[in-house]
Amino acid sequence: MPRYHNASTLLASAASVFLLSTPQVFAASDSEVAELRREMDAMRREMHVLQSRVAKYEHTTTAANTHAAHAPHRLVEAPANEPQPVFAEAPLAYHGPRREADSHIVLAEGPLLSWKEFRAASSKEEAVHIGGMQIGFPQGRPTIASDDKAYAFSVGLLFQEDLGGFLGMTSRPGEGAGNFNKFAQNAARLRVYFSWRYKDWVANVTPNFGSISTDGSVSLFEANLNYTGLHNTTLTVGYFQPRMEEESAERPVAFEFLERPTIVNLVRNLAGGVARFSVGGEHYEKRWLAAAYFTGQKYGDRSKDTTIVDSQTGAVVRVAGRPYLSKDIDVHVGAGATSVFKVNENSKGRQLTLSDNMEVPLGETNLLTSGALTNVAQIWAAGPQLALRWKRFLLKSEYYHIGVQRANNSEAVHLPSLGFDGWYVAANYTVFGKPRSYNEKIAAFTTPGVEYDFDPAHNHWGALEVSGRWSVTNLYGEGNQGGTGINGNQQTVWQGGLNWYPNRHFKFMLDYARFMVSRSKGVSGNVNLFGRDGNAIVGRVQASF
């Protein structure tokens, strides 16, 4: 367009020069002068027509540029004197085929990137630069960063909504009905991840608007400070979730089933669990990982129980390795351990009740319980983790033993130590899409990979997997362990599941569970006086960024 700029002005100037110079060049008769004037009038008319055409062209070009301004752009530079952007066409969104490392679903809960890794991830993504700032989506998360990546702020999301119900839960005469809805909905996790970065220092604050057991609860998932400047190492202090089990290390985004096996839920909440005050860190290499944390109370403990006079302390440790790996085979071996040096002391002393649902996250009545364990001096748990992937097939299992030591410093009857056990075995097969693979940064297996986003017109269907699991938890240690006539009981759950991934950010799940729980008077409302069994069908929709 520059060559047409002010074209009418240039034409007018040239004509003026020609007209002014004409009387000096020609010494002509009156008739010749008259002829020249007629020619000048004709030239003026032609210039007017030309000016109109040029003006029309300039208007059309401006309109086209105005329309193009509404198309996607990527800001690439700005003048030094003013932070005004210069736009360039942005590339189209990438939908595949993806590399193995880029095909798996986004983990909303980390692991954290070091500053070096963050800069590398940011440089690969589409970004907009405005006056020394960069706006982009590294690993799918909206992020604002300085051009040198030293400062950054990002917002993430985990959304999990469950719906389903129970079948065959009719109570026996004299037994409480309990809460087992035939159809219900529950917001399991509604977490918004806020992350602030200055180089290798990262602060995370994550409110949680969902709950596995109580739809509508609002609480805190995490609030912690992290340092990532050491090689493959993250050091953490604050409210955090230390992970000692392979199942927990996978993160909820990547679960094969809606929730963890019961034994995993019980041991992780002894000295770990969501929003536990923690000080520690973890380090990984290609073939191994080690993690250790000193832990304290959970966020909200003292507001829920204002009679607490001495807060809990404990520790969580995990080690894991890959003794063998190849293109088709990956072997995982690990161990986790946790210890509660002292539990919270309140107006009832130091006591603890172990209890969990039937691995169905709809806010139902818990049927498994240990009863209220009093005079608890110390609790510990430990066990191995094993997993084997062969091509598209994955088999994994964990076993944990829980030990409860009692204090006998009063005149009361002697309280024996207690021992509980639990395990699970899970199998998984990827029908289509890339199979589950090992994530060395978390020492756990992650989701199937989506090579192409869901697009039926081009025969792209995302990824699909089927899973099965057998889970057993036994909380019976001694008779009357939870008080007079109150014993612990045992729970067995068989599950089958189907998971579909249309792309890297969305997931649809459908689970069937068959559960059998032995009797215990320790269940509130006399709901399990004779033992209960039943079925549940539950689905989940999930989004993660």
Side-chain angles (χ1 to χ4, degrees), residues 162 165-182 184 186 188 211-217 219 259-263 265-267 269-270 273-274 298 300-301 303-308 343-376 379 402 404 406 415 418 420 422 471-493 513 515-536 538:
D162 300 335
F166 293 86
L167 305 171
M169 293 302 296
T170 303
S171 59
R172 301 176 185 179
E175 194 173 47
N179 179 21
F180 304 101
N181 292 291
K182 294 182 179 179
N186 185 57
S211 172
I212 298 301
S213 59
T214 310
D215 193 355
S217 297
S219 187
E259 292 304 324
R260 306 171 185 87
T262 292
I263 187 61
N265 267 341
L266 293 178
V267 299
N269 280 304
L270 292 177
V274 170
K298 280 192 172 186
D301 274 0
S303 65
K304 296 174 184 177
D305 185 354
T306 59
T307 68
I308 292 177
V343 301
N344 286 333
E345 181 179 5
N346 59 16
S347 58
K348 297 180 180 180
R350 300 187 188 275
Q351 67 173 235
L352 178 71
T353 300
L354 299 176
S355 181
D356 197 45
N357 58 40
M358 293 82 68
E359 303 177 13
V360 179
L362 288 177
E364 68 284 357
T365 301
N366 292 350
L367 296 177
L368 178 70
T369 185
S370 64
L373 308 178
T374 58
N375 287 355
V376 175
I379 304 176
I402 302 174
V404 181
R406 318 288 282 276
L415 296 174
L418 304 172
F420 310 130
S471 168
V472 178
T473 305
N474 184 7
L475 297 184
Y476 180 85
E478 297 282 346
N480 302 314
Q481 67 185 28
T484 303
I486 298 178
N487 300 328
N489 56 349
Q490 177 174 303
Q491 174 175 289
T492 301
V493 182
F515 50 87
M516 296 150 282
V517 190
S518 63
R519 64 184 180 178
S520 176
K521 294 181 180 180
V523 179
S524 62
N526 293 325
V527 173
N528 191 16
L529 295 178
F530 309 110
R532 300 289 291 265
D533 62 83
N535 308 275
V538 188

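The first residue of the sequence shown is numbered 1, and numbering continues consecutively from there. Since the structure is predicted, the reported quantities are computational estimates derived from the model, not experimental observations.
Nearest heavy atom pair, residue Ser471 against residue Glu359, reads OG-OE2, 2.6 Å. For the pair Gly477 and Phe420, the tightest heavy-atom approach, listed with the atom from each and the gap, is N-CE2, 3.6 Å. Shortest non-hydrogen contact noted between Ser518 and Asn528 is O-ND2, 2.8 Å. Contact detail for Ser171 and Gly176: the closest heavy-atom pair is CB-O, 3.6 Å. Counting all heavy atoms, side chain and backbone alike, Ile263 lies closest to Thr473 at N-OG1, 3.4 Å. Val517 approaches Leu368 most closely through the heavy-atom pair CG1-N, 4.2 Å.
The list of salt bridge (charged side-chain N to carboxylate O under 4.0 Å, His left out) pairs with a residue in residues 165-180, not counting sequence neighbours, reads Glu175-Arg532. Counting only residues at least two apart or in different chains, salt bridge (charged side-chain N to carboxylate O under 4.0 Å, His left out) contacts with residues 348-358 comprise Asp310-Arg350, Glu345-Arg350.
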**OP:** With side-chain contact (heavy atoms from CB on, under 4.5 Å) as the test, would you mind laying out the steps for Leu270 and Leu354 before giving the verdict?
**Re:** CA-CA 9 Å; Leu270 292 177; Leu354 299 176; 3.9 Å; yes
**OP:** Show the numbers, then the answer: is there a side-chain hydrogen bond (donor to acceptor under 3.5 Å, both in side chains) between Asn489 and Asn487?
**Re:** CA-CA 6 Å; Asn489 56 349; Asn487 300 328; over 6 Å; no
Original post:
Can you list the steps and then say if Leu475 with Gln491 is a side-chain contact (heavy atoms from CB on, under 4.5 Å)?
Top reply: CA-CA 9 Å; Leu475 297 184; Gln491 174 175 289; over 6 Å; no
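Exactly one of Val343, Asn344, Leu418 qualifies for a side chain to side chain contact (heavy atoms under 4.5 Å, CB included) with Val376. That residue is Val343.
Annotation: side chain to side chain contact (heavy atoms under 4.5 Å, CB included) contacts of Thr492 (sequence neighbours excluded): Trp470, Val472, Gln490, Trp494, Met516. Not counting sequence neighbours, Asn357 has no partner by the side chain to side chain donor-acceptor pair (under 3.5 Å) test. Residues forming a ring pair (Phe, Tyr, Trp, His ring centres under 6.0 Å) with Phe166 (at least two apart in sequence, or on another chain): Phe180. Partners of Ala372 under the side chain to side chain contact (heavy atoms under 4.5 Å, CB included) rule, at least two apart in sequence or in another chain, are Gln351, Thr353. Glu259 pairs by the side chain to side chain donor-acceptor pair (under 3.5 Å) definition with Arg189, Arg540, not counting sequence neighbours. Under the rule for a salt bridge (Lys or Arg N to Asp or Glu O under 4.0 Å), Glu364 has no partner lying at least two apart in sequence or in another chain. Legend: residues meeting side chain to side chain donor-acceptor pair (under 3.5 Å) with Asn366, ordered by chain and number and at least two apart, are Ser355. Every residue meeting the side chain to side chain contact (heavy atoms under 4.5 Å, CB included) condition with Asn186, not counting sequence neighbours, appears here in chain and number order: Ala188, Asp215, Leu362. Listed by chain and residue number, Leu529 satisfy the side chain to side chain contact (heavy atoms under 4.5 Å, CB included) test with Asn526 (two or more places apart in sequence, or in another chain). Applying the salt bridge (Lys or Arg N to Asp or Glu O under 4.0 Å) criterion to Asp305, with sequence neighbours excluded, gives no partner residue.
The CG atom of Asn179 sits 10.0 Å away from atom CE of Met169, with the distance rounded to the nearest 0.5 Å. Atom CZ of residue Arg519 and atom CG of residue Leu367 lie 15.0 Å apart, to the nearest 0.5 angstrom. Taking NZ from Lys298 and OG from Ser219, the interatomic distance works out to 9.5 Å, rounded to the nearest 0.5 Å. The CG atom of Leu415 sits 11.5 Å away from the CD atom of Gln481 when rounded to the nearest 0.5 Å.
A side-chain donor-acceptor contact under 3.5 Å links Thr307 to the backbone of Ser347.
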